[in-house]
Amino acid sequence: MTFRKWIAVLLCFTMLLPMGLTAFAAGGDADSDKEAAPMQVTVADSLESAFAEGENSLLLFVTGIGQSFSYLFDESYLAPDAFERGTLQDYENYAPLIANGKYKARWNLFNDFSEQFGRAETKQTVAKLVFQLILTLFARRNMMKDADIRAAVKQLFAFNLVDENGDHDPRVITPRYTCPVSEYPEGVEADGTPWNEAKHRFYTSIPCQDVAREKLGANFEDYLYCFNFNPFSYITKNVADLHDYIETVLRTNKVGADKVVLIPMSMGASVVSAYLAAYPNVEENHVRRVVSVVGAWNGSDIIMDLVRESYADNSADLFYNGIIADLVGAPWGYLVNFALRLFSKQSLRDFIDQALAIFVDELFLHTPSLFALVPDYGYDEVRPLVTSAAVLKEADFYHAAQASLKDRLAALEAQGVTFSFISGYGLPYGAITSDYEVFGFLHSAERTNSDEIINIDSTAPGTKYVAYNQKFTDTEGRVLSPDGSIDIAGTYYKDSSWFFYEQKHELEYNNTALSLAVNLALGKIKTVADCDDPAEDGAYFPQFNGARNVRDLVRDYIPAYEAYIAAGNEPSPALKAQYEKCAAMMRSTVNDPDADGIMMDSFRDMLIAAGALPAPAKTSGIERLLGKSLEKGNGLIERIFGSKGFLDFTK
């Protein structure tokens, strides 16, 4: 769901910016991962349906945080004569610019910071904060000024912030492609190489091409659509835009579809929920099915903790001896830990609380789409924090709809709409993904049962849980997961919900989950009973399954193996056998993460030994020595001083 480094950036900002940090990196934009865009196929003459009921529908993905990219353009494109017709906001103008790389920057969550750091006003603000931080160091009390921190947030995140009309800076475009993936605009790179930016971004976030081709045939891309939206936005605008989008693509599609199958992912579920509240009748919403993939139907306790400034019980220990080193990375994270201890514990904590409060106010309490991610059971508590009447109106609409979620879905079900849910569970916040380790700083981290980001009662509404490392002791009347930590007896759609144990939030490379989602979207599978017996059903997707991540296998190892053979090399019997094992694992829908991981690692090592795959770069001896020394030094300091600053040793 890739949302990747937003909290990392947040904490870097609040803790490290005044110390002279001058650059940030937006996560998820890895051009080194570029892969050839799938070939555009010719539309088949026959429109014979691949759907179970014989109807054709469009598969409409509604993206989550980190899956939609926004693009920043030069100011010259705002000139009245920049285009023959219309403005930069018009598809026919921005689409070819994006396709041909004619933009200044792109990001998938927090905006690029290069332009802001080049501005004189930002440099002045940073200089003020550095001076105030030095005063804080010597005064041993927080000397940071609210106005300067707020100015820094507004300046640095200027391209994320949305005004009270729901509008962004006119130079920022989050593209909306009202066409199937097969018609995403082609372009060329600076060196003349053909490239399809839009298609690359789609398949990188949602690598569904193989299973879609298998199920839908040669013209599979004619069925695939994607509704992109800016995560910093207004709910009602997203709803109106989604409605216009659906009506447009149903008029213009070339497969004869008159309905859509909505596939919300992560934050996309909040948009779909609001859409179904605004358009509760099938005649106007045009929905045939909803297949939720780790969807945030009731927000996340992460957002609740941020808004309430609620930290983990051991936050001090994590702060001085864990979070920062993990966030910055070894060995330099240990140096940052050392520098932080120069400040008194109280002054540093006061500053962090102050900076986080301002950050949350500007980016969460003034952004309805993000504030909507506060769970309904915490809304009344944090509602008074919102000072904008426009934001409050949006938030009240959304949370009123959330209060009736179960009844609303049931009313749609009575009209023929089916609902399915795919979820991950069994993890605390930030357990696996390095970018998310910082979530362990929050109060709910060890109390939750989640996919690292969203608790299970949000991705599978109605599910009850105990903490990820506990079991229900009162088992009567419960329907428990194999590990005993979640109870699905009250899950809204128990018979059409599937659960992947210890599955991280970004499950796009769990090919079993993606295959299940497409089968559900096509109506081939509707309930657990349709796929719980491989002999009778022809498909097997156990309701409780394990995690899987085949990203490296499908993006690196298999292409390297195929290239090795194409170059005229004969693989050894052992290498060939290992490839066959990996291929068989990919076909299996019973996930065994430990065995799968060992199998893929062995395949990688064999490829390296054969020269088909480059060996990973080795860390230099000096860097290893430095890392070990700093790690030991940091541990010694922790044992001597504990979770406090050097100047707090007498306390």
Side-chain angles (χ1 to χ4, degrees), residues 3 6-7 10 62 64-65 162 164 166 229 231-239 264 266-278 280 292 294-311 353 356-411 421 423 429 439 442-445 447-451 453-465 490-492:
F3 56 42
W6 63 289
I7 293 295
L10 163 60
V62 183
I65 284 182
V162 59
E164 294 214 339
F229 66 97
F232 298 86
S233 50
Y234 268 49
I235 298 165
T236 51
K237 275 204 165 188
N238 289 335
V239 167
S266 189
M267 185 181 180
S270 65
V271 176
V272 169
S273 181
Y275 174 69
L276 296 177
S292 173
V294 293
W297 291 89
N298 194 23
S300 171
D301 287 345
I302 284 177
I303 307 300
M304 186 68 175
D305 285 350
L306 281 172
V307 172
R308 294 193 305 187
E309 300 174 41
S310 184
Y311 308 123
D353 288 347
L356 278 172
I358 292 171
F359 183 94
V360 168
D361 179 42
E362 291 293 336
L363 270 81
F364 285 77
L365 302 184
H366 283 81
T367 306
S369 58
L370 293 181
F371 192 62
L373 297 178
V374 172
D376 61 356
Y377 46 79
Y379 180 65
D380 289 341
E381 177 186 346
V382 299
R383 184 181 184 275
L385 299 175
V386 178
T387 58
S388 164
V391 173
L392 204 56
K393 181 179 179 181
E394 293 267 317
D396 284 345
F397 155 73
Y398 183 79
H399 284 281
Q402 286 306 92
S404 60
L405 176 65
K406 184 176 182 179
D407 292 338
R408 290 193 294 107
L409 299 189
F421 298 83
S423 305
Y429 293 143
F439 289 135
L442 299 174
H443 172 77
S444 300
R447 297 169 172 83
T448 192
N449 196 317
S450 77
D451 58 12
I453 301 297
I454 306 175
N455 20 302
I456 184 64
D457 60 343
S458 181
T459 56
T463 303
K464 297 185 182 302
Y465 68 86
T491 300
Y492 291 178

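Just so it is clear, the structure is predicted and the values come from calculations on it, not from any experiment.
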Judged by atom type as modelled, is there a donor-acceptor pair below 3.5 Å linking the side chain of [X] to the main-chain atoms of [Y]?
X    : Y    : answer
R408 : A401 : yes
E309 : L356 : no
T459 : S423 : no
T367 : L363 : yes
S404 : D407 : no

Got a second to check how far [X]'s [atom1] is from [Y]'s [atom2], nearest 0.5 Å?
X    : Y    : atom1 : atom2 : result
F397 : Q402 : CZ    : CD    : 9.5 Å
M304 : H443 : CE    : NE2   : 10.0 Å
D305 : S444 : CG    : OG    : 3.5 Å
L365 : R383 : CG    : CZ    : 12.5 Å
S270 : N298 : OG    : CG    : 11.0 Å
F439 : I302 : CZ    : CD1   : 4.0 Å

Considering non-hydrogen atoms only, spot the tightest contact between [X] and [Y] and give its length.
X    : Y    : answer
N455 : S450 : CA-CB, 3.8 Å
S266 : G64  : CB-CA, 3.9 Å
S273 : Y398 : CB-OH, 4.2 Å
I454 : V294 : CD1-O, 3.8 Å
I235 : P368 : CD1-O, 3.6 Å
A395 : F371 : CB-CD2, 3.7 Å

- Query: Can you check salt bridge (Lys or Arg N to Asp or Glu O under 4.0 Å) on K393 and D396, steps first, answer last?
  - Reply: CA-CA 5 Å; K393 181 179 179 181; D396 284 345; over 6 Å; no

- Worked check of side-chain contact (heavy atoms from CB on, under 4.5 Å) between Y492 and F421: CA-CA 10 Å; Y492 291 178; F421 298 83; 5.6 Å; no

Modelled atom types, side-chain donor and acceptor of [X] and [Y], under 3.5 Å:
X    : Y    : result
T463 : D457 : no
D301 : Y377 : yes
D451 : Y429 : no
S233 : N238 : yes

- Take L373 and S300, measure what side-chain contact (heavy atoms from CB on, under 4.5 Å) needs, and give me the verdict at the end. CA-CA 6 Å; L373 297 178; S300 171; 5.7 Å; no

Is there a side-chain contact between [X] and [Y] in this structure, where contact means two heavy atoms from C-beta onward sitting under 4.5 Å apart?
X    : Y    : value
S369 : E394 : no
L370 : I303 : no
D353 : Y311 : yes
P231 : M267 : yes

- Check against side-chain contact (heavy atoms from CB on, under 4.5 Å), H366 and T387: CA-CA 8 Å; H366 283 81; T387 58; 3.8 Å; yes

- Between Y379 and H399, what is the ring plane arrangement, given parallel below 30°, perpendicular above 60°, and tilted in between? parallel

- Item | Non-neighbouring partners of K237 that pass salt bridge (Lys or Arg N to Asp or Glu O under 4.0 Å), sequence neighbours left out | D167

- Evaluate the side-chain hydrogen bond (donor to acceptor under 3.5 Å, both in side chains) criterion for residues W297 and S292: first the C-alpha distance (whole Å), next the side-chain angles of each, then the deciding distance (0.1 Å), finally the verdict. CA-CA 9 Å; W297 291 89; S292 173; 2.8 Å; yes

